[in-house]
Protein chains: 2
Amino acid sequence: MRIGELSQKTGVPVPTIKYYVREGLLPSGELTSRNQASYGEAHERRLQLIRALADVGGMKVAEIAEVLAAVEDPERPLHKVLGSAARPMSGPDSENDDAESAAARAAVTDLISRRGWRTHASNPAAADLSEALAAMARLGHGAFADLLDTYADAAEQVARADLEYVDRHLAIEEKVEGVVIGTVLGEAVFSSLRRLAHVDASARLYGAGE
Amino acid sequence: MRIGELSQKTGVPVPTIKYYVREGLLPSGELTSRNQASYGEAHERRLQLIRALADVGGMKVAEIAEVLAAVEDPERPLHKVLGSAARPMSGPDSENDDAESAAARAAVTDLISRRGWRTHASNPAAADLSEALAAMARLGHGAFADLLDTYADAAEQVARADLEYVDRHLAIEEKVEGVVIGTVLGEAVFSSLRRLAHVDASARLYGAGE
């Protein structure tokens with residue numbers, strides 16, 4: 001198909017498609033004449049993926065490029081792709097050494113061993129979790145740590161469902177892409193549901209109508 | 001305290017503090033001489049809040065300014081503040097009218113009524129949820145919708161725990177700020193836990209050590 005049809009099918013404007021090609025996010029079309037290229041289903045699908053990561057995941061072009069590179073590199077272990085797909089949180093520069101950070105790191109190590117999670121404390125998600133807990137403690141909400149197991153129960157349920165979905169629905173060559181989609185879009189799904197459930201929980205607790 | 005001490009206590013560099021004051025995120029200190037200002041505990045706490053929203057929540061300065069304005073405006077209803085605190089997802093310009101969007105919107109309306117959630121389909125979180133589901137459907141993952149109730153169960157548990165925390169630990173005048181902190185930082189906490197639980201679920205399902 002021509003670029004105009006590709007644009008119509010995906011809802012991505014032609015100049016944006018050209019920009020993605022220039023930035024290496026999308027392979028060029030096959031040249032059919034000096035100034036016309038032809039695009040196929042692989043382009044359409046790739047554009048849908050870029051659009052999902054940008055619109056729903058709120059990712060920047062450079063971040064999307066990194067995730068796509070990871071998806072295409074079979075050498076790259078899955079959890080590194082997952083790391084790229086996760087929203088960028090506290091960078092390595094925000095490593096803290098105050099009392100709150102130390103206490104939060106200890107709480108996370110303790111949580112992982114208490115729940116018997118087969119994951120290492122060196123997982124970047126563990127550092128992100130420590131940083132979030134430390135930020136809460138600095139704001140006087142250290143007691144929030146009491147909710148950790150409730151959150152962990154919920155996270156386990158969701159993660160188990162995610163993995164079963166990947167296992168049941170995806171061929172091996174689709175798994176990496178599926179994990180990226182699930183990580184970014186699944187996070188958006190959960191975040192929206194949590195906000196909806198907040199309104200409901202608030203209405204039930206305080207008895208107010210919406 | 002002087003600005004240098006404020007910087008040391010919060011880990012925020014002096015030029016950044018001055019930038020926040022210029023941008024209206026932080027009130028000016030009290031002038032003690034022609035070129036010296038004094039800062040108090042309110043400044044320290046506000047800086048911790050800004051830092052948490054920026055570092056952990058990944059929010060931009062303009063977004064933080066909006067959330068802080070909402071926190072300070074008692075006229076503004078809680079769910080609008082929540083809307084500001086939630087990570088910006090698909091903007092109003094990405095409203096879609098394709099078949100996937102229509103189906104996703106219907107699925108969300110159905111979910112809300114099936115679960116008896118006291119919330120309206122006009123809640124912005126419902127639109128965000130529809131967009132995430134539609135993006136999945138466009139990528140061939142319409143079957144992900146089968147996981148919605150598992151996700152919703154988990155979201156309910158977390159939301160109930162959040163609200164009980166706010167109810168138990170926060171005075172009425174702290175509630176709005178508490179909700180902002182809980183929305184942004186709580187989301188980071190859940191997201192990290194989900195990534196940790198993924199590694200564990202994957203190890204259990206595929207039997208591989210990490």
Side-chain angles (χ1 to χ4, degrees), chain A residues 48-49 52 55-56 58 79 82 86-90 94 117-120 123 125-126 128-129 131-132 135-136 138-139 141 143-144 147 150-152 154-163 165 167 169 181 185 187-203 205 210, chain B residues 48-49 52 55-56 58 79 82 86-90 94 117-120 123 125-126 128-129 131-132 135-136 138-139 141 143-144 147 150-152 154-163 165 167 169 181 185 187-203 205 210:
Chain A
Q48 298 286 22
L49 179 57
D55 289 357
V56 183
H79 73 270
L82 268 172
R87 299 181 191 217
M89 299 192 8
S90 52
S94 57
W117 279 356
R118 302 188 197 177
T119 183
H120 282 259
N123 185 318
D128 289 341
L129 178 58
E131 264 321 293
M136 284 196 169
R138 279 183 215 115
L139 288 162
H141 292 296
F144 183 87
L147 273 60
T150 304
Y151 267 69
E156 270 181 20
Q157 283 167 237
V158 163
R160 221 175 292 133
D162 288 340
L163 264 288
Y165 176 87
D167 196 50
H169 291 276
I181 293 171
L185 299 194
E187 192 163 315
V189 166
F190 187 83
S191 158
S192 314
L193 284 169
R194 178 170 175 253
R195 283 185 283 144
L196 288 172
H198 272 153
V199 177
D200 177 63
S202 171
L205 191 62
E210 205 247 0
Chain B
Q48 298 285 22
L49 179 58
D55 289 357
V56 183
H79 73 270
L82 268 170
R87 299 181 192 218
M89 299 194 4
S90 53
S94 57
W117 279 356
R118 302 188 196 176
T119 183
H120 282 259
N123 186 318
D128 289 342
L129 178 58
E131 264 321 293
M136 285 196 168
R138 279 184 216 114
L139 289 162
H141 292 297
F144 183 87
L147 274 59
T150 304
Y151 268 69
E156 269 181 21
Q157 282 167 236
V158 163
R160 221 175 293 134
D162 289 339
L163 264 288
Y165 177 87
D167 197 50
H169 291 276
I181 293 170
L185 299 193
E187 192 163 315
V189 166
F190 187 83
S191 158
S192 315
L193 284 169
R194 177 169 175 254
R195 283 185 283 145
L196 288 172
H198 273 154
V199 176
D200 177 64
S202 171
L205 191 62
E210 204 251 359

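Lettering of chains follows the sequences in order, A, B, ..., and the numbering in each one begins at 1. When reading the values below, keep in mind they use all heavy atoms of this one structure, side chains included, and skip hydrogens, waters and symmetry mates.
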Residue selection (most heavy-atom pairs with chain B, distance under 4.5 Å) from Ala135(A), Ala154(A), Ala161(A): Ala154(A)

Contact leader toward chain B among Ala152(A), Ala159(A), Ala126(A), Ala52(A), where contacts are heavy-atom pairs under 4.5 Å: Ala159(A)

Polar side-chain atom of Ser191(A) near backbone of Glu187(A) as donor-acceptor pair, under 3.5 Å: no

Leu129(A) side, atom CG; Arg194(B) side, atom CZ - distance, nearest 0.5 Å: 14.5 Å

Distance (rounded to the nearest 0.5 Å) between Glu156(B) CD and Leu196(A) CG: 10.5 Å

Spatial distance of atom CG (Asp128(A)) from atom CG (Leu193(B)) [nearest 0.5 Å]: 11.0 Å

His169(B), part contacting chain A, at a heavy-atom distance under 4.5 Å: side chain

Geometric class of the Phe190(B)/Phe190(A) ring pair [parallel <30°, tilted 30-60°, perpendicular >60°]: parallel

Under 4.5 Å from a heavy atom of chain A, the part of Leu147(B) involved: side chain

Region of Tyr165(A) in contact with chain B, defined by heavy-atom distances below 4.5 Å: side chain

